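So that the names make sense, note that chain A is the first sequence line, chain B the second, and so on, each numbered from 1. Note that the structure is predicted; figures quoted are calculated from it, not measured. Every heavy atom of this structure was used, including side-chain atoms; hydrogens, water molecules and symmetry mates were not.
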Protein chains: 2
Amino acid sequence: MRDTAVMRDPDTDSRADTGPSDDTPGDCPRPDGRLLRGEATRERVLDAAERLFSAEGVDAVSIRQIAAAAGVTLGVVGFHGGSKTELIRTVLSRRVEALNIARRDRLARVMAGPAPKLDDLVEAYILPYLEYASHDDPQWGAYARLIARIVADDRWYKNVGELYDPMAREYLDAMQQVCPEADRDALVTALTLTVASMLSLVASRARIAGLTGHAGGNAMDHRDTLVSFCVNGMTAIASRKGGPQDGP
Amino acid sequence: MRDTAVMRDPDTDSRADTGPSDDTPGDCPRPDGRLLRGEATRERVLDAAERLFSAEGVDAVSIRQIAAAAGVTLGVVGFHGGSKTELIRTVLSRRVEALNIARRDRLARVMAGPAPKLDDLVEAYILPYLEYASHDDPQWGAYARLIARIVADDRWYKNVGELYDPMAREYLDAMQQVCPEADRDALVTALTLTVASMLSLVASRARIAGLTGHAGGNAMDHRDTLVSFCVNGMTAIASRKGGPQDGP
DNA sequence: TGACAATTTATACGTACGTTCAGATAGTTT
DNA sequence: AAACTATCTGAACGTACGTATAAATTGTCA
């Protein structure tokens, strides 16, 4: 059994607090082409990190593995990615904007319609993720699986939650608008369950394959099942009147 | 930032293939009391591993941390737990029987009734887990969160899936019996989504807390929301006729 | 062309890891 | 009491880790 060194606590990364991104080279590529050379390397590093983090888990991947997968030397990963915590943030930040834009566009289109329905909101939240997860560029698939890992792990999520929570809040507001009677906390819980279902479809291939007995295709094959499951679950929660139904 | 050495690939654990459990001392405590002394230590080690694995993730916890938390020396962990892969299996196996029995009892009770409903089956699957997750003994809570980590990670799940899949199959058979028209693969997917929702409620406290704005109590507080969400989602899937509904 | 800055290489440092094991300790049996 | 075995200790081994940095390289512009 091989062993490797792995960061234990993402909170105690002193380098992560030295500034927004000014210390990370290659962030603001100038038109003179001076940084273009490094920019390509940087992408290779981030791609490799994305692939490995999603496949093995953040804690199980070493900087050296990333360097090898990217075809660069060890120091280059640090040069372009900073510390390991910074690297994870950078990998996630790189694509979050595209996903958020797709979701925001879809949300706006639904809310601009004549009679926005909860079903449409659930679809608008789920489908962009599912589409990106099945994107032609396999890096998007890796990114989608990486999100699933991060969200399921409080320890990492609190480091990157602010990348995704604002979008979730926009959807919650819209849902509340469509279902004014619904209890806000129940909506939060229901959206969390929706997200968990959505992510599990992309991340937990092994379990589904093991139970069906056959491998199954990509996540898109279960698209309708997922949407139907979440829409009906969410509708059930939202149609209950406000106030605490649960617990003591 | 601290770093530690961590197993990279649970598959390449040569010690895991040396036999069922004959090489692990303390497995078959004799009535003569000879092994009782070690048995207590063994429990402390497994408890500590359970707590740390569930809180930090398997890959992020070192044997040394476990030893320290258990109040034993390094070698004792190896003595009672074997290799790290064996230790994880042992930690999971220790409690799985109790959980499976609770589920099987409840399943039998539902199916023995006059008119078994899908709702009851979903409840019978979910509630035992939720009850154990909120058990007075906090180790059960740790175990519940550890399951969530393992199931979400294909890399680990394929090592321990056989502990949980047979029970899932029993439920799938029962569901098929109650809903003969339902498509089997869709049922599998729906059960997977149910499990993902169930686990997320126990594991992803940070996200719910961040979105509601307040900490919230334990998972039991969201019990009714979870059951309602999953029952309605599952019913929607099961009531669709058999054959592939989803995309190509 | 030569100065300059961005990038890359190669190497090193200190630390922590998983695993192993010879020997000490403490119950049990003879 | 002596032999025996399960349990535990303490230390070591070899490996890998994250990070840092001096020197080499590469492309750009004066």
Checklist line | First encountered from the 5' end of DNA chain D, between Gly75(A) and Arg64(A) | finding: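 Nearest-nucleotide comparison on DNA chain D picks Arg64(A).
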
Item checked: Distance below 4.0 Å between Ser83(A) side-chain N/O and dG18(D) OP1 or OP2 ->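 False: Ser83(A) side-chain N/O out of range (4.0 Å or more) of dG18(D) OP1/OP2.
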
Next item on the list: Taking only the side-chain nitrogens and oxygens of Thr41(B), find out if one of them lies under 4.0 Å from OP1 or OP2 of dT7(D).
Entry: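 Answer no for this pair, as no side-chain N or O of Thr41(B) is under 4.0 Å from OP1 or OP2.
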
Using whole Å, what does the distance between atom [atom2] of nucleotide [N] and atom [atom1] of [X] come to?
| X | N | atom1 | atom2 | answer |
| --- | --- | --- | --- | --- |
| Lys84(A) | dA20(D) | NZ | C1' | 17 Å |
| Arg42(B) | dC8(D) | CZ | C1' | 16 Å |
| Ile63(B) | dC21(C) | CD1 | P | 17 Å |
| Leu74(A) | dA22(D) | CG | P | 17 Å |
| Glu39(A) | dT7(C) | CD | P | 8 Å |
| Asp59(A) | dA16(C) | CG | C1' | 15 Å |
| Glu43(A) | dT7(C) | CD | C1' | 16 Å |
| His80(B) | dT7(D) | NE2 | C1' | 7 Å |

Checklist line | Atom pair CE (Met167(B)) and CD (Glu97(B)), whose distance is rounded to the nearest 0.5 Å | finding: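 Between Met167(B) CE and Glu97(B) CD, I get 9.5 Å after rounding to 0.5 Å.
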
Check: Quick one: CG on Leu46(B) to CZ on Arg94(B), what's the gap to the nearest 0.5 Å?
Finding: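 Spacing of CG (Leu46(B)) from CZ (Arg94(B)) equals 4.5 Å.
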
Margin query: Hydrogens and angles aside, do Asp185(B) and His222(A) bring a side-chain donor and acceptor to less than 3.5 Å of each other?
Written below: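 The answer is no; no qualifying pair exists.
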
Check: If you check the Thr73(A) side chain, which of dG18(D), dA10(C), dT19(C) turns out closest?
Finding: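 The answer is dA10(C).
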
Next item on the list: Could you check which of dT8(C), dT9(D), dT7(D) has an atom nearest any side-chain atom of Phe79(B)?
Entry: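 Looking only at heavy atoms from C-beta outward on Phe79(B), the closest nucleotide is dT7(D).
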
Notebook entry, point to check: Parallel, tilted or perpendicular: which fits the ring planes of His135(A) and Tyr132(A), with parallel below 30° and perpendicular above 60°?
Noted result: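 If you compare the ring of His135(A) with that of Tyr132(A), the planes turn out parallel.
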
